[in-house]
Amino acid sequence: MSWGFMRGSAWKFLQSPQYTRSGSRGTFAPPNLFYDDVQDNVSSLDDSASGEEDLDSLVFFGMMKGNVVGLRYYAGVVNNNEMVALQREPSNPYDRNAVKVNNVNGEQVGHIKKELAAALAPIMDRKLVRMEGVVPYGAHNVFTMPVNLSFWGKDDDKKGVLDHMKAHGYKLDPVLKSSGKSFPSLDAGSGSGASPPVQLTVEQLKTEFDKLFEDLKEDDKTQEMEPVKGIQTVLLPHQKQALAWMVSRENSTELPPFWEQRGNLYYNTLTNFAEKERPESIRGGILADDMGLGKTLSVIALILTNFHDGQPLPTGKVRSEKQKTNSAGKSRNTASQGQCSETREIGNSQEASATVSKRQKARKVKYDFNDSEEEWLPRKTKSSPACSLVDDDQFAMALSGASSGKKKKSKTKIIDKTTVQTHSKCDRKLPRPTLIICPLSVISNWIDQFEQHVQAEVDLKIYVYYGPERSKDPNSLSQQDVVLTSYSTVTHDYGNNSPLHKIKWLRVVLDEGHTIRNPNAKQTKAIHSLDAVRRWVLTGTPIQNSLKDLWSILSFLKLKPFTDREWWHRTIQRPVTMGDQGGLRRLQALVKNITLRRTKTSKVKGKPVLELPERKVYIQYVQLSTEERQIYQSMQSEGKAIIGRYFNEGTVLTHYADVLAVLVRLRQLCCHPHLVSSGSSSASLKAEATPEELREKLINKIKLVLNSGSDEECAICLDSLNNPIITRCAHVFCKPCICQVIHSEKPNAKCPLCRSEIHLEHLLECPEEEFDSGEKKDKKWMSSSKVDALMCALIEQRNKDPRVKSIVVSQFTSYLSLIETALRESGFIFTRLDGSMPQKKRTEAIQSFQSTADDSPTIMLLSLKAGGVGLNLTAASRVFLMDPAWNPAAEEQCFDRCHRLGQTKDVIITKYVVKDSVEENMLKIQSKKRELAAGAFGTKKPSASEMKEARIKEIRTLVDL
DNA sequence: ACCGCCGGGTGCC
DNA sequence: ACCGCCGGGTGCC
C-alpha cells in the first residue's frame, strides 16, 4: 500500500489538537463567548428552511375532486392511479394563485383549474395545508384530467382550512379513500380517515419492526466469497457473506425495488409512475451489521476484491527489484470474479497480537510519498505500448492470480518495471477511487485496519483528505484508490470548490452512516451531492428513532423515487406510522432488498456469528461511611427543599440548570466528597448584577450541563446537543437549532422552553475547558467508600491474576483523577482516556493498554463517553462502572468496548451503586428508558412538551418528590 | 374540445 | 332585439 499525504504523514494532522473536533460537546469552542459569527449558520438555515415542515405530525383533513388543466402545454405524463405532487407557482405571470401539478419525476403535468387554485393558494402559502393528488382515471386525456386531492395538515389548522374551502364553495369529504390500487388496505370503511380499519396496534408494529432486520440471511445472502489474496486476514463466514453480498450488489443489473418492466416501459409499483428510461440499479446498500462484526474489514475486502468491474485489485505490486520475485513466486487464489476455490489456512490472524509485527513491517514501506509517486500505477489512463502486452487473461491473473493455467505463468514474465500494466478494459468508464467518509475519530481506525488486513505488497494508494494541507487537486485525488475523509471536511468543502465534489467516484462509503439523518443539514446535502456509482452506508444502528433516519440513507443511495421526500412519505412512512399493513410490507421488502444486517447473536449455518465469551453484569451496592452519609443527607435535604419549591411554583423547567446542579452534586457525593466543587454551589439565583457576572454564571451553567454526563437533549431537535449554546435564561440548545428559531421568529424570538426573549448576540458558547482535572490539588487526598470498594476489588483481582486488565469508568473526569491517586498508592500501572485528550494521546493510551507487554498498564481510566463507537479495549476483561449513567445505552456501548470481537475471556462488569441515594433512583430511570427505547421505533418521537413532562417525572423520581 | 365560453350576426313562421 | 338563437373562433395558469 502506499499512503499519499501532502506533506509527510497525516498523523500530524490527525493528532494535532487544533484539528480535533469532538462533535457535540463544547470542549473545542473558541475561547470567546459571545456568538457573533452567525453568517454561515443563518445562510445554511435559509436553504434548509425552504419547504421543510414536519411531515410526521400531519393529520388527514379530507378529500375532494379537482381538475388538472393545460395538459397539452407540458411534457409530464401520468398513468391512471398515479400519484402527483402539487406545487404553488406564485410567480406565474397569468395567475399568482397558480398551483402546478407534477408527476413523480417532478415533470409538470398541468395546473389546477384556476377557481380551485384561488381557494388553495392562500392556505398552501400559509402552510396550513399539504396537498397530495392522485389521478384516478383520464390520465391520457388531452386537455384536462381529474385529480383526487387529499388535504393534510396540523390538527390545529383543520377547522380553518375546512371553513376556508367551504367559503370558496368546496366541501371536503372526510373519508380517506384509496390513493391508488397499490394501497388497498388504506380503503376506509366508515368514520374518520385518521383511523383506517385495518390497523396494527402499537405493539404489533413494534414486533414487526423488531423483525424488520431479522431473517435477512435468507435468499442469496448466505453465499460466501473469498476475498482477493491481497487481504491477508482470514474472513469469518459472515464477513465472507457480506463480501459476496456487496460484490453482487455492486455488479447487479437488477431493477431497483418497486420497479417492474412492462413492455418497453418501467413502472414504479408504489406511485404508478412509468418511464421509458430504465431506472439505475442500486449498486450499493446498507451494511448494518452490529458493531464489532467487522464491517470495516468487509468493506476493505470489497474494495480490493471488486476493484474494477468485478475484477480485483492487483495484488502483486509491480515494482522494480522486488517485483519479479513477488509476482512470479506467489500462488494466487482468486478467479476473475473473485470466487475462490483455494482454501487457505485458518489462522488466528484476526487476533490483535498476531498482527502487530505485520503492521510494523507495513508501516516502514508506507509513509514515503515520493516513492509512491514514482511507483507503478495500476491503471493510469496514460497508455503505453506495453499496454498491449497485457491481455484480459493476463490482467485477471496479475490481479488475482488464478492458480491454475500455464500460459499465465509464462506471461507473468512480461511484466517488468517498464511495463505500465493496464487493464485491457481500462477504457471502461468506471472511475477509480473509493471515497470513505467517517467521523474524524474513526479515520485512524480505517488506517489501522487497512494496514492490518491488506498485504504490504499490495499497491493500494490511500490518501487522507484532511487538514489544511489537503490536496485540492481533483486529478491527483482521482489517481488514488482510496480517499479517506471526515464528515466535517466534506461539509466544510461543499460549495467551496471542493475536489471531492468534482470527482466521479467509483464508490462512496459512509461509515457510521446514521449521522446523516438530519435531512436539512448542510452535511447531508454535501454528501448527497457526491458523484458515485456505488454507494454504501455502514451503520450499526440502521434505524435509531424513526423512519426518517432511513429516508436520509435511501436518498443517499439514490433510490428512486425516494430521493424526493414526498414520495417516501406518501408511499412508506405515513402508511407505516398509521399502522397500515401494506406500508409495512413495502418497508420490509425494501429493507430486505438493500440491507444486510447481522447481530451478535445471529447465526451462520447454525453457528453463532461470533463466539463471544460470556458477559456478566453485577450491581454492587455500596454503603456510605457515616461522614459521607452526613454530608449526603444535608445536601439532599437542601436540594429537596430547592427543587420542592420549584415544583410548588411550577418552575422546575425554568430552573432546570439549578435542578441539574443539585442532582449532579448528589451524584458526585455518592462517588467522592471532593468531587463537589465548592465554587459553584448556592450561587444560583439572585438578580444579576454586571454582565460579567451574568456571563460567568451562564458559562458555569452550561459547563454543568455538559459535564454532568446527563446526555441532555436539545428541546428543539430532541436530539443530543450539537454545538451547544446557553441562552440568557439559562437554557441549553444546539446552536443551529436556536439560531433557526431566532431567525424564523425575528424580531421577537422567544426561548422555546420559558418564552423569555432571546437574542443572537446573547447566546453563549462553552469556552475551551482546561477540564476540572488537577484543579483541586490543594485538598488533601482521601479515599471514599466507593473508591475503597473499587480498590478492594482491583487488589483482589491482582492477587488472583495480575495479568487481568480492567477498565474503570466514570462520567466525572475529576473522579478519575482522584482514582488515579488511589491507584498510584497501591502501585498499579494505569493509563487514561477521556474526552479532553488530543487524538494523539488517545491513540497512545489505547495502544499501551492493548499491549501485552509485561510493563503495560493493567488499568484504563475511561470517561464514559470518550472515544467513538470503534474504541477497542479488548485487552480488558473487567469493567468497573463507578457511577450509573442516565442513559443505559451509553453504559452498554461502554461495555461493548471490551466485549467484542477479539475478546478471549469472560467479561465481568461491576456497577457500583450507593444504597438509598440518587443513584438507586437512577437505576429506575434506566429501566424505564430501556423500555422506552425498545418501543421507540416507528412510533412518533415525543413532542417537546411530552419531553418536558418526561423530564419533570424523571426529576420527581430522582429526588423522591 | 364529440365540450363550454365568447362575441358577432341575426331576427315571424 | 336592453332578448334568444345560430354557428365560428377558440381554448391553462
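Chain letters run A, B, ... following the sequence lines, proteins first and then strands; every chain starts at 1. Because the structure is predicted, anything quoted here is derived from the model rather than measured.
Atom name P, nucleotides C/dC5 and C/dA1: the rounded distance is 16 Å, in whole Å. The C1' atoms of B/dG4 and C/dG11 are separated by 10 Å, rounded to the nearest whole Å. Nucleotides B/dG8 and B/dC3 have their P atoms positioned 25 Å apart, rounded to a whole Å.
Across all strands shown, C/dC13 remains unpaired; no Watson-Crick or G-U wobble contact has both distances below 3.5 Å. Nucleotide B/dC2: unpaired (no Watson-Crick or G-U wobble partner with both distances less than 3.5 Å).
A centroid separation of less than 6.0 Å is found between the aromatic rings of A/Tyr74 and A/His111.
Counting only residues at least two apart or in different chains, ring pair (Phe, Tyr, Trp, His ring centres under 6.0 Å) contacts with residues 253-278 of chain A are absent.
Rounding to the nearest 0.5 angstrom, the gap separating the NE2 atom in A/His492 from the OG atom in A/Ser498 is 10.5 Å. The structure places CG of A/Asp173 at 11.0 Å from OG of A/Ser150, a figure rounded to the nearest 0.5 Å.
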What does the list of N/O pairs under 3.5 Å between the protein and nucleotides 10-13 of chain C look like, with a distance for each?
{"unit_1": "C/dC12", "atom_1": "OP2", "unit_2": "A/Tyr73", "atom_2": "OH", "d": "2.4"}
{"unit_1": "C/dC12", "atom_1": "O4'", "unit_2": "A/Gly70", "atom_2": "N", "d": "3.4"}
{"unit_1": "C/dC12", "atom_1": "O2", "unit_2": "A/His111", "atom_2": "ND1", "d": "2.7"}
{"unit_1": "C/dC12", "atom_1": "N3", "unit_2": "A/Tyr74", "atom_2": "OH", "d": "2.8"}
{"unit_1": "C/dC13", "atom_1": "OP1", "unit_2": "A/Lys114", "atom_2": "N", "d": "3.0"}
{"unit_1": "C/dC13", "atom_1": "OP2", "unit_2": "A/Lys114", "atom_2": "NZ", "d": "3.4"}
{"unit_1": "C/dC13", "atom_1": "O3'", "unit_2": "A/Asp95", "atom_2": "OD2", "d": "2.5"}
{"unit_1": "C/dC13", "atom_1": "O2", "unit_2": "A/Asn92", "atom_2": "ND2", "d": "3.0"}

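A 4.5 Å side-chain heavy-atom check between A/Lys558 and A/Arg535 finds at least one atom pair inside the cut-off. When side chains are defined from C-beta on, A/His501 counts as touching A/Leu530, because their heavy atoms get closer than 4.5 Å.
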